[in-house]
Amino acid sequence: MVVIGRPVNGISINPGLEFLLDDEGAVRYFEGMDAVMAFLKENGFTDEDMPSFTFLESCGTCRRCGAPLFKSLLPEYAYQCFGCDEDFYAFEQAAYPV
Ligand SMILES: [Zn+2]
């Protein structure tokens, strides 16, 4: 699974990312980069826009809620889960090493 992130407000010096949401306000997951590219092109983005996006690929499954697990953007954490809306230390998700 892949999620699409962009710097908050499109300002690249801002370390925060915001993630593409679905109609219900939950982070939208894509099944692989082909699906991501198809979606972005459908929505009017071109290859030139791609470097402004950050694509995160899932690296496991959340032990707590079963949602896809992604690398954390915070240096002190190993993983983040959009299902739990939380960051986790490596040992908290230890059954799913990167
Ligand atoms: Zn979770």
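In listed order, ligands and their atoms are each counted from 1. Everything quoted here is computed from the prediction, not taken from an experiment.
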S58 and L69, any side-chain heavy atoms less than 4.5 Å apart: no
Sub-6.0 Å ring centroid separation between F45 and F39: no
Atoms of protein origin (N, O or S) under 2.8 Å from the Zn ion (ligand 1): C62 SG, C65 SG, C81 SG, C84 SG
Flag, side chain of T61 to backbone of A67, donor-acceptor distance under 3.5 Å: no
Ion pair K41/D47, N-O distance below 4.0 Å: yes
salt_bridge(E86, R64) N-O dist < 4.0 Å: yes
Plane angle bin for Y29 and F70 - parallel if under 30°, tilted between 30 and 60°, otherwise perpendicular: parallel
